[in-house]
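Below is one structure, written out as C-alpha cells; comments come after it.
Counting starts at 1 for both ligands and their atoms, following the listed order. Because the structure is predicted, anything quoted here is derived from the model rather than measured. We number each residue from 1, following the sequence as shown.
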Amino acid sequence: MKSEVAENSGLDPSKRPCHVAVIMDGNGRWAKKRLLNRVKGHERGVETVRMVVRTSRELGIRHLTLYAFSTENWQRPKSEISALMTLLRRFLVSETPEMQENGIRLNTIGEIDRLPGEVRQTLDQTLEATRENEDMCLTLALSYGGRAEIAGAVRAAAAAVKEGKIEPGDITEKSFSKYLYTADMPDPELLIRTSGEFRISNFMLWQLAYTEIFVTPTLWPDFTREEYIDILKNFQDRERRFGRISS
Ligand code: FPP
C-alpha cells in the first residue's frame, strides 16, 4: 500500500505505537447538537471508523482496537442496539474487500455469543476471509467488558488448577495474560478517548496498565485524520518510563 501519509505525516516511524486503542465516544451528543436522532450520530461515527482504520494502516500501526459495543451498551433502547448491530454488519460487508486489499486481519474481543445470529454470521465470514492477512490487526471490542474478561480469565486459570494442568504458584502476570481475549496481542501503547470524558469505562482494564492516555474533547464523528496524527505526534514526544526513572 502507498504510504504517503506516513511519509508526509512528520511522524517518526521508529516511535510509532505498535497498538492504538480507541474509546469512540460522543456520537449521541453529536446528533443531539444537530437535533438529529442518535442513530445519525452512529452513522457518522462509522465514517470516522473508516478514516481511523485507513489512516492507521497507512501509518504502519500494527494493532488498532476499537471499543464498538460495551457490555453496558445492552442497556440502551432496543431500537438503538438494533441500529448499531445493523451498522456493524454493513461496515463488515462494505469493508471486507478493502481489508483484503490492505492486508488487514479482523479480530474480536468480548462476549461474541451474545450478539444476534446474523451479526455473528457476518463476523465469521469477515474473520475467515481476512484470517491470513498480516499487515495490521483490527480488533473490534463487541459486547466487551474489562471486568468480565478478567473474571473469565480467573475462571479459566482456576479450572486449569483444578484439572491439575498448572499449580497456583504457576500463575504469574505473564501466564495469566494468556487467559485473556488479548492473549496474542501486545498491550496498547496509546489509548485515545473522544468527547472529553476522563474515564476508562471498563475497557481493557488489565491491558491498559502502562498505556499513555490521550483524551480529546472532539466528538467521535468530528474526529479527523489531522487530529489523529497530532495525537500520535504527542505520543512520540512523551517519555514512557514504566515506573522507572528518567534515563
Ligand atoms: C459512543 O457514543 C459510541 C458507541 C456506543 C458505539 C460506537 C459505534 C460506532 C462508532 C459505530 C459502529 C461501529 C463500527 C465498528 C462499525 P455514545 O452513543 O455513547 O455518545 P454519547 O456519549 O454522546 O451519548
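More than 12 heavy atoms of other residues, nucleotides or ligands shown are found within 6.0 angstrom of CZ on Arg114. For Arg34, the CZ atom sits in a packed shell: over 12 heavy atoms of surrounding residues, nucleotides or ligands are nearer than 6.0 Å.
A salt bridge is absent between Glu98 and Arg50: the closest approach of a Lys/Arg side-chain nitrogen to an acidic carboxylate oxygen does not fall below 4.0 angstrom. Remark: Arg238 does not engage Glu189 in a salt bridge, criterion side-chain N to carboxylate O under 4.0 Å. Using a 4.0 Å cut-off between charged side-chain N and carboxylate O, Glu80 and Arg38 make a salt bridge. A salt bridge links Lys40 with Glu43: at least one charged nitrogen is closer than 4.0 Å to a carboxylate oxygen.
For the pair Arg76 and Trp74, the cation-pi test (distance below 6.0 Å, angle within 45°) is failed.
Residue-level proximity to ligand 1 for Arg38 is carried by the side chain, the only part with a heavy atom below 4.0 angstrom. When non-hydrogen atoms are compared, ligand 1 lies under 4.0 Å from the side chain of Arg76 (C-beta onward) but not from its backbone. Contacts between Trp220 and ligand 1, counted as non-hydrogen atom pairs separated by less than 4.0 Å, involve the side chain only. With a 4.0 Å heavy-atom cut-off, ligand 1 is reached by the side chain of Asn73 but not by its N, CA, C or O.
Close approach of ligand 1 to His42 is summarised as follows: ligand atoms under 4.0 Å from at least one heavy atom of the residue are 11 (C), 18 (O). Residue contact check: Phe91 has heavy atoms under 4.0 Å from atoms 16 (C) of ligand 1. If you number the atoms of ligand 1 from 1 as listed, the ones under 4.0 Å from a heavy atom of Gly28 come out as 17 (P), 18 (O), 20 (O), 21 (P), 23 (O), 24 (O).
In the candidate list Gly41, Pro221, Ala68, Ala68 is nearest to atom 13 (C) of ligand 1, counting heavy atoms.
For ligand 1, the polar-atom distance check against Leu88 finds no nitrogen or oxygen pair separated by under 3.5 Å. Distances between N or O atoms of Asn27 and those of ligand 1 include at least one value under 3.5 Å. Considering backbone and side-chain N/O atoms, Arg29 comes within less than 3.5 Å of an N/O atom of ligand 1.
Closest to atom 12 (C) of ligand 1 among all protein heavy atoms lies Val46 CG2, 3.9 Å. Protein heavy atom at the shortest distance from atom 1 (C) of ligand 1 is Met24 O, 3.1 Å.
Residue contacts with ligand 1: Ser195 is excluded, as none of its non-hydrogen atoms falls under 4.0 Å.
One side chain, Thr122 or Arg89, offers a donor N or O that lies under 3.5 Å from an acceptor on the other.
In summary, of the residues considered (Asn37, Thr86, Asn27), a side-chain hydrogen bond (donor to acceptor under 3.5 Å, both in side chains) with His42 occurs for Asn27 alone.
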